[in-house]
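Right, one structure below, let's go through it.
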Amino acid sequence: MDSLCHSSAVKGAKVLMVGAGGIGCELLKTLALSGFQDIHIIDMDTIEVSNLNRQFLFRQSHVGQSKAKVARDAVLRFRPHISITPYHANVKDSDFNVDFFKQFSVVLNGLDNLDARRHVNRLCLAAEVPLVESGTTGFLGQVTVHVKGKTECYECQPKPAPKTYPVCTITSTPSKFVHCIVWAKDLLFSKLFGDKNQENDLNVRSSDASNSSEHGEDVFEWRNNEDIEQYGRRIYDHVFGYNIEIALKNQETWKNRNRPKPIYSRDVLPEHLNHQNGNVDKKCATDDPLSVSAMTSLGLKNPQDIWSLTENSTVFLESLKLFFACREKEIGNLSFDKDDQLAVEFVTAAANIRAASFGIPMHSLFEAKGIAGNIVHAVATTNAVVAGLIVIEAIKVLEKDIDNYRMTYCLEHPSKKMLLMPVEPFEPNKSCCVCSESPLALEINTHRSKLRDFVEKIVKAKLGMNSPLIMHGSTLLYEVGDDLEDDMIANYTANLEKVLSELPSSVTGGTMLTVEDLQQEFTCNIYIKHREEFDEEKEPDGMVLSGWTQASLEKKDDNKVVGNGGNTSTSMPTEGEREVELDEISEGTEISGKKRKQPEVSAGETNSSNEVQRLDVVDDDEDELVMLDHQDTSNKKKKLQ
Amino acid sequence: MDGEELTEQETALYDRQIRVWGADAQRRLSKSHILVYGMKGTVAEFCKNIVLAGVGSLTLVDDRAVTEDALSSNFLIPPNENMYDGKTLAEVCCNSLKEFNSMVRVSVEKGDLSRFGGDFFDKFDIVIVSCCTLTTKKLINEKCRKLSKRVAFYAVDCRDSCGEMFVDLQKYIYTKKKLDENNQPTAIERELQYPSFQESISVPWRKLPRKVSKLYFAMRVIERYEEVEGRNPGQISIDDLPAVLKLKKELCEAQSMNESHIPNALMEKLVMGRREFPPVCAIIGGILGQEVIKAISGKGDPLQNFFFFDAMDGKGIIENISPPNT
Ligand SMILES: [Zn+2]
């Protein structure tokens, strides 16, 4: 290891970097300076303004261009004689198969989502190429080394499930601002602007759902010839007034809670909003529909300001009006996007009005956007440090210096005097179904669950497969691929709608299914156990997979849950994955400390100072989430007593 | 709040970091003035970080010419010689840094840093030196301490797989977040007193805790050797090793410390490692950036008062080396 700084392996190495974002820019620079000569880099993203504060290889003039390509050009300016091969593509594309991965000496990840990380982990295992994985959030970071058979793989340890909230908390009893945001974004926004066919709990209240039939389905439809402001006020009065009145009728709910206050538009706004009426067309006249803004048209400047109830109500009506006036074509297809200014304005205003109704403090657009968009907290310094650590590990991997492989945590508060804390890597988890061959068990009602449910809820959501193939013995039940015959496709499509026991090769209790992803070269066997009934509250999927290491951090007292961020693939608010590090660092011993040696971050500290660390880490932008965590913990403790 | 609001442009550009340290800290950053001396890899990394963070101004001092050595771990220097023909190291780096963030004023001050007077240093909030002699380090540190306002002083050096950082915030008061006995967040005021570089390195070695990083002692030996031999920082080679080891032995004897406490292998590495190792530059430059941001914003616990990193064991360690009474 004497040769760390003068390693001869560096020059001959062929390196694959996945991700040219915050960590990627720093990493590419440090690799080039350290003497690496053959670097390939994959990134599907294009450059945005909010990248420029840390992704230093990019300039204002590059906004909209491929990150991988611009990063290459920038680094060649100070190291012109090395080879950098950029791919403006998704790492999950079929071009990047096991053979592609096999050409590299080491793979370095600087990714921002769990899905892609799992995918790369599997390809590295299949291609037997070492992987150095990394992540940062704010001042926290970590770098880990994964070498097949030698150290644990990226998926050997459970990753916390994305944060979700019980449906009734969102629909009826919000107590935190984040609940109001989830309501505004996932329920109200989707109802008004999203896919009309999608299930939506907006009008569902825990007990008396039937009551609402007179207000009926059509409440949210824009009626013929209805004045747009009138429409907006009708929606306003329905969701912030009428629905609250209905909820208040359920005395039981409010026994131990503060009763919400119904809010009607006439109480907070003048009869007619007469600002710049008739100007709507002019506001839409910009080339870019995404630049339409209620704040601009209302003259509200500072996104850090907390608007009054009246201002929020005005923004609510104005943004709704602008959606119909300027972006009508998109209505019915919209989903919330943090970079969609008008959507952020609408969600902020709606969340704040709901917060006011429930006595929850209101928030600025800046804060609301961060919560709604799960925006990563990112600074250049942590990315630079992590990139340095990645290169050091990469060199050790090239030198095959196994005894010195380390996973390193960047901390915000020193532990045992350390800000950078190396820990010996863990051994592979023998029951990890990704890097070992241990089978899984699935309890499922084989007479009621369709193949489609199995594919969506287990194969894609839980196993993270991209292009799966499902076999029962030698019978192919399902397959995804580009080169399938039409009759095969028809066959598979028909199978999707069949319940398991009625498939061409009947799947019943005792059946062993083989599920395979050819691209990931990842296979696992699933032993099927038939079960008649499932607890709708505790087992909302209607099936239970075991032997699979998916963490369930929060116990729910309600069946359905609403996430803040939609599908699992984009759920982690990270430039790395903060949730994981935070939990491992500050409370790892509680969650997964049974066989892992935890980094003794909290050595000598009490539980409460763990909480301090957590609080400081999250800083003041996310107080809501912190308090939530905190409360959850104390609730659990209470239940245990 | 200071009254002055961030512009729309600033809010958009700094969005992700405002979410880390808040708008108030961002405003303070944009009004801060930083001076750096010694434009090698570590300082280049730091400059990049602090320009991206959006400080008010950054002033570079380094009249040296661009050499092969300077090129090796500094991404601010284009390899095309025509581009720095006749320009100083600071001037070449300045041109590159300007591109990173048009909202930060980056400029060059020519001259010998150790001859600049108090009124020069008074213009800055933060002074950072790298690759300078022991005498210069002590001198600049003292100049900062003599000023009526607090000018924070940092010294960084990286050799081979190792890096060292020294911090002097003088008297530093900040608010620290804590949870009280009811688990409610509260802010408490905390005051820290930092010793000068001279005061720190004068603490007798035997009075230091036994586990103090070996790198601390090794760096003091190298620093002293270059000083007595009249060398420029890093102007040392394997030929010097016997003399360096002899000095190490003498110093250990004078300090009543067993000389095996500073491994010869470590001394050899530092003697040979005149070039910086880029990953270590990134790490020390990153930690330095973080500490400077903390000191300017008043947010977070600043480290006291040395930081060491060695890529060989991967530890990034804080050591508090202060006279007993501070
Ligand atoms: Zn595994």
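All values reported here derive from a predicted model rather than from experimental measurement. Letters go in sequence order (proteins before strands), and every chain restarts at 1.
Ranked by non-hydrogen atom pairs under 4.5 Å with chain A, the options B:G300, B:G289, B:P78, B:P79 are led by B:P79. Taking chain A as the reference chain and counting heavy-atom pairs below 4.5 Å, the highest number among B:G41, B:S72, B:G285, B:A53 is found for B:S72. Listed options A:R406, A:H81, A:Q304 were ranked by heavy-atom pairs under 4.5 angstrom with chain B; first place goes to A:Q304. The choice from A:S50, A:A380, A:A387, A:P80 that makes the most heavy-atom pairs within less than 4.5 Å of chain B is A:S50.
For chain A, no part of B:N320 is nearby; none of its heavy atoms comes within less than 4.5 Å. Contacts of B:I317 with chain A are made by both backbone and side-chain atoms, with heavy-atom separations under 4.5 Å. When heavy atoms are compared at a cutoff of 4.5 Å, A:R77 approaches chain B by way of both its backbone and its side chain. Looking at B:S73, only its backbone comes within 4.5 Å of chain A, counting heavy atoms on both sides. Contact of A:L389 with chain B is made through backbone and side chain together, with heavy-atom distances under 4.5 Å. Proximity to chain A (any heavy atom under 4.5 Å) is shown, for B:F46, by neither the backbone nor the side chain. For B:I287, the parts lying near chain A are the backbone and the side chain together; criterion is any non-hydrogen pair under 4.5 Å. Of the two parts of B:F308, neither the backbone nor the side chain holds a non-hydrogen atom closer than 4.5 Å to a non-hydrogen atom of chain A. Heavy atoms of B:D15 lying under 4.5 Å from chain A belong to its backbone as well as its side chain.
Relative orientation of the B:F100 and A:F56 rings is perpendicular, given thresholds of 30° and 60° on the angle between their planes.
Residues A:G138 and B:V20 approach most closely at CA-CG2, 3.9 Å, considering heavy atoms. When every heavy atom of B:P279 is checked against every heavy atom of A:G388, the shortest pair comes out as CB-O, 3.5 Å. The shortest heavy-atom contact between B:T11 and A:P303 is CG2-CG, 4.0 Å. Shortest non-hydrogen contact noted between B:A282 and A:T30 is CB-OG1, 4.1 Å.
The environment of CE in B:M272 is sparse: at most 12 heavy-atom neighbours from other residues, nucleotides or ligands sit within 6.0 Å. Remark: B:K269 NZ is packed, more than 12 non-hydrogen atoms of other residues, nucleotides or ligands lying under 6.0 Å away.
The pair B:K294-A:E412 does not meet the salt-bridge criterion, since no charged nitrogen lies less than 4.0 angstrom from a carboxylate oxygen. The existence of a salt bridge linking A:K417 and B:E319 is confirmed by a sub-4.0 Å separation between a basic side-chain nitrogen and an acidic carboxylate oxygen.
Contact annotation: the side chain of B:I293 never approaches that of A:V379 to less than 4.5 Å [non-hydrogen atoms, C-beta and beyond]. Contact of the B:I283 side chain with the A:V385 side chain is registered, since non-hydrogen atoms from C-beta on lie closer than 4.5 Å. A 4.5 Å side-chain heavy-atom check between A:R54 and B:Q17 finds every atom pair outside the cut-off. Contact annotation: the side chain of B:K48 approaches that of A:E26 to within less than 4.5 Å [non-hydrogen atoms, C-beta and beyond]. Put simply, the side chain of A:V391 does not reach to within 4.5 Å of the side chain of B:F277, judged on heavy atoms. Looking at B:E45 and A:K29, their side chains come closer than 4.5 Å, going by heavy atoms from C-beta outward. Side-chain atoms of B:F75 and A:L57, non-hydrogen and from C-beta on, never get closer than 4.5 Å to each other. Residues B:Q290 and A:L419 fail the side-chain proximity criterion, which asks for heavy atoms closer than 4.5 Å.
Within the model, atoms CG of B:L303 and NE2 of A:H413 stand 13.0 Å from one another, a figure rounded to the nearest 0.5 Å. For the atom pair CD (B:E99) and CD (A:Q60), the distance works out to 13.5 Å, reported to the nearest 0.5 Å. In this structure, CZ in B:R159 is found 13.5 Å from SG in A:C5, a value given to the nearest 0.5 Å. Atom CG of A:L4 sits about 9.0 Å away from atom CG of B:D310, to the nearest 0.5 Å.
Panel note: side chain B:R16, backbone A:N53; no donor-acceptor pair is recorded below 3.5 Å. Listed for the B:R19 side chain is a donor-acceptor partner under 3.5 Å among the backbone atoms of A:F366.
Looking at residues two or more places apart in sequence or on another chain, you find no salt bridge (Lys or Arg N to Asp or Glu O under 4.0 Å) involving A:R79.
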